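The sequence lines fix the lettering, A, B, ..., with proteins before strands; numbering per chain opens at 1. Here the structure is a predicted model, which is why all the values come from computation and not from measurement.
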Amino acid sequence: MSFTENSGIFAGAHENGINDFITAFFDARPRYLHFGSSFFVPTTTINATNIPAISLGGLAPEIHFEIRLDRPKIDLHPDTFGFSIPPQSNEFAIEIQAVIQVGCYGKSIKDSRLTAKKTSIRLCGRGEIDRGFNDFGFTICEVVLKDIRPDDLGEALACLLRQIANAMLSGLRIPYRSIAINIDGSALGTLSPTTGPEILDNQVQFRGNFA
Amino acid sequence: MNLLDSRVLTSYNCYIQKVLGKGELVLDARVASAGFAPIAEKPLLRTKVKAATAAGRRDRRSGKQLNVPLAFSSDRFTITLDDIAVDEGDALLFHLPQRKVPSFSIRGRADGHEFTSVALEDQAVFTHPFGIAGDFEWGDANGSGVGGVVHVVDDPADGIKGAERSIKHMSEGVLVHIVGKKVEPEEITIATGQTVFFAVEETKGITITDRSLLRGLKG
Amino acid sequence: MDDLLVAVDETAATNMVRAGQTFLGSMTRSGTSNIGPFGTTWTATANLVGGAVELQEPDIIRIANMTMNFSLGFSFEIDLSDILPDFCIPQVCLPIPFLPDICTPEICVNWPTIDVGPINHSGDVDVTGDFKILTTLDSTHWNVDVEIVDIPNLSLDAVSTGIIVLITASVALALLAVPFIGPFLALATGVLAATFGVAAITGWLGPILSLFLAGLTFPIYRQPAVQEVLPSSGPFDPSFAIRLVNLDASVQSSDEDELILIADIAPA
């Protein structure tokens with residue numbers, strides 16, 4: 001069976017290549033791995049993203065916090081790396097180590113010093129390709145936090161961290177032409193996928209034609 | 001080159017001059033462009049001219065043809081004869097058979113009579129074979145106004161017989177007789193390869209020159 | 001497993017070949033060579049268009065019935081003394097009114113060397129060739145080129161016939177200007193027509209056009225080794241790039257023939 005089938009082009013990126021894209025992205029834009037309110041990240045730079053503190057409507061000082069994530073690694077279906085939550089058909093699996101700090105005021109109402117309280121947690125997740133017109137990205141659909149009790153606390157935190165993890169991944173959009181090593185252009189016309197991208201055989205694959 | 005210009009003699013041309021004086025004959029040959037230079041101190045030939053008899057002087061056509069062979073080597077012209085027995089009234093025929101050498105002119109003197117090939121004056125002949133078909137108008141570069149036309153027409157030369165006929169035709173010469181300012185005939189038609197003899201008398205010194213070389217000059 | 005694998009079908013491969021032919025553009029060569037005994041000086045320009053593309057395992061692209069458009073300008077000299085017999089104008093005798101009969105000597109003719117041309121001719125010839133896929137990395141770019149495997153035979157008889165017509169006309173024009181050639185014109189024309197036959201012209205033209213085919217190479221893929229994935233989108237979001245390493249190209253056949261490019265990538 002041919003690669004292209006009824007299309008003009010087939011392109012496939014193996015999970016090793018996808019993880020190389022991920023490494024290159026977060027090396028260039030590390031602020032997507034580091035979010036913090038002004039106590040922790042006074043202003044947005046290449047290295048960190050400033051986010052608002054949690055406001056209490058003026059009734060008490062704002063709550064300051066910081067989240068640092070390790071560069072993620074993903075596993076395209078079928079399972080290769082043995083993550084806790086293996087990828088299902090047309091899915092990827094992801095594991096991320098996160099360090100969370102919260103700014104705590106003193107026990108007395110007169111004590112306005114903030115000290116940071118740190119904890120770390122491991123996210124296990126799975127997700128799907130997010131198809132765009134010219135590019136694609138990754139969206140985490142489910143995060144599971146192990147060993148958090150009661151279960152509903154774990155579920156609530158997992159929901160929170162899933163949204164933060166998707167913010168981390170939001171900037172990572174890979175153009176189809178990059179997977180196709182820029183083989184399009186004036187010779188072939190503009191590349192338009194006709195099938196995919198989908199996850200199959202440890203690859204992100206798509207087929208397309210040239211306009 | 002087969003250009004018609006009596007000032008520039010090539011291996012195609014002959015210059016014939018009747019010896020009109022007696023006493024000493026002096027001859028010089030030089031490149032055509034030096035045609036008007038005086039005779040060199042050491043001319044190519046000096047010889048005595050034997051005087052004509054009274055009968056000989058009465059008959060314009062008495063006398064004999066004497067060929068004066070020329071050669072060119074080591075950047076100079078030579079007359080390849082040590083001596084020549086010349087009588088008054090003889091016709092000296094000058095020809096340079098070598099090809100790929102400079103074109104030449106002749107200057108000489110017999111008794112007081114000077115003559116030169118670059119200005120044909122009296123009892124001189126310039127011969128020219130016409131190698132290419134066409135209409136050739138000629139005139140005098142010295143501005144006397146003499147001139148004429150030579151129509152040259154290809155002989156049909158199909159096959160060997162035709163080629164042989166054409167070559168045989170080349171042995172027939174045609175005369176154009178110039179006396180003073182009168183040209184007879186002014187217009188002639190010949191076959192390609194035939195030779196025209198331009199015979200000149202009683203002029204102040206004329207040239208036979210293709211009109212295309214005379215642009216801007218009266219003549 | 002390769003990080004990236006791209007396969008294109010024969011239609012896409014054909015378009016890549018077309019782009020390469022366009023990139024190659026016009027090629028020009030000059031030189032000297034002989035037609036029979038006559039040395040020619042020539043300049044030729046050629047380009048290649050069209051052709052049916054067929055992919056063949058493991059690494060061949062066959063391009064059938066390409067059109068090589070060419071234009072050719074050439075000139076040559078003919079030393080007529082090599083083809084005409086020595087000839088002398090016979091002695092001419094004529095009575096002159098004031099001289100004895102004058103006889104000129106036999107005057108021998110120096111047959112000149114005539115210049116023929118410049119002759120200009122444009123035409124086209126059909127070319128079919130197998131091209132091998134070659135992948136190289138220079139200081140900045142990955143290049144996939146196709147290089148012709150063997151110089152194909154060219155059918156040139158029709159082109160040669162056209163050139164003979166031009167040569168014949170130019171030679172005739174040049175001969176007419178040669179003094180005294182009249183009796184020998186038919187002979188000269190006959191000898192030269194025998195020299196400028198189809199086989200002689202084809203034998204001369206073939207090596208000239210083959211120069212354009214010897215080692216013929218043109219690119220079908222050329223991309224920088226460092227490829228930008230996303231451009232900068234603000235002062236805090238610089239561009240990011242990956243580097244292609246170990247790129248290779250080949251042909252694979254299954255139920256259709258495909259051009260395959262594989263590559264590994266690393267952070268730039």
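Counting heavy-atom pairs closer than 4.5 Å to chain C, the top residue among Arg60(B), Gln123(B), Arg61(B) is Arg61(B). Put simply, of Pro97(B), Ala124(B), Gly89(B), the one with the most heavy-atom pairs under 4.5 Å next to chain C is Ala124(B). Comparing Cys108(C), Pro100(C), Pro90(C) by heavy-atom pairs within less than 4.5 Å of chain B, the highest count is held by Pro100(C). Between chain C and the options Val200(B), Asp59(B), Asn13(B), Asn67(B), the largest number of non-hydrogen pairs under 4.5 Å is found for Val200(B). With respect to chain B, the highest number of heavy-atom pairs below 4.5 Å among Cys103(C), Ala177(C), Pro112(C) belongs to Cys103(C).
For an aromatic pair to be called close, the ring centres must be under 6.0 Å apart, and Phe130(B) with Phe136(B) satisfies this. Residues Phe180(C) and Tyr12(B) place their aromatic rings such that the two centres sit under 6.0 Å apart.
With hydrogens and angles left out, the side-chain atoms of Asp210(B) and Ser212(B) include a donor and acceptor closer than 3.5 Å. In this structure, a donor-acceptor pair under 3.5 Å is absent between the side chains of Ser160(C) and Asp157(C). A donor and an acceptor atom, one from each side chain of Asp5(B) and Thr209(B), are located under 3.5 Å apart.
Both the backbone and the side chain of Pro95(C) have a heavy atom closer than 4.5 Å to some heavy atom of chain B. Only the backbone of Lys64(B) comes within contact range of chain C, judged by heavy atoms closer than 4.5 Å. Heavy atoms of Thr192(B) lying under 4.5 Å from chain C are absent altogether. When heavy atoms are compared at a cutoff of 4.5 Å, Leu93(B) approaches chain C solely by way of its side chain, counted from C-beta outward. Contacts between Ile167(B) and chain C at a heavy-atom distance below 4.5 Å involve backbone atoms as well as side-chain atoms. At a 4.5 Å heavy-atom cutoff, Leu187(C) makes no contact with chain B through either its backbone or its side chain. Contacts of Val152(B) with chain C are absent, with no heavy-atom separation under 4.5 Å from either backbone or side chain. Interface remark: Val109(C) contributes backbone and side-chain atoms alike to the contact with chain B (heavy atom separation under 4.5 Å). Looking at Glu164(B), there are no atoms closer than 4.5 Å to chain C (heavy atoms on both sides), in backbone or side chain.
Glu147(C) CD to Asp130(C) CG: the interatomic distance, rounded to the nearest 0.5 Å, is 13.0 Å. Here the CG atom belonging to Asn143(C) is positioned 5.0 Å from the CG atom belonging to Asp138(C), to the nearest 0.5 angstrom. In this structure, the separation between OG1 on Thr217(C) and CD1 on Ile148(C) is 9.0 Å, given to the nearest 0.5 Å.
For Arg76(B), the CZ atom sits in a loose shell: 12 or fewer heavy atoms of surrounding residues, nucleotides or ligands are nearer than 6.0 Å.
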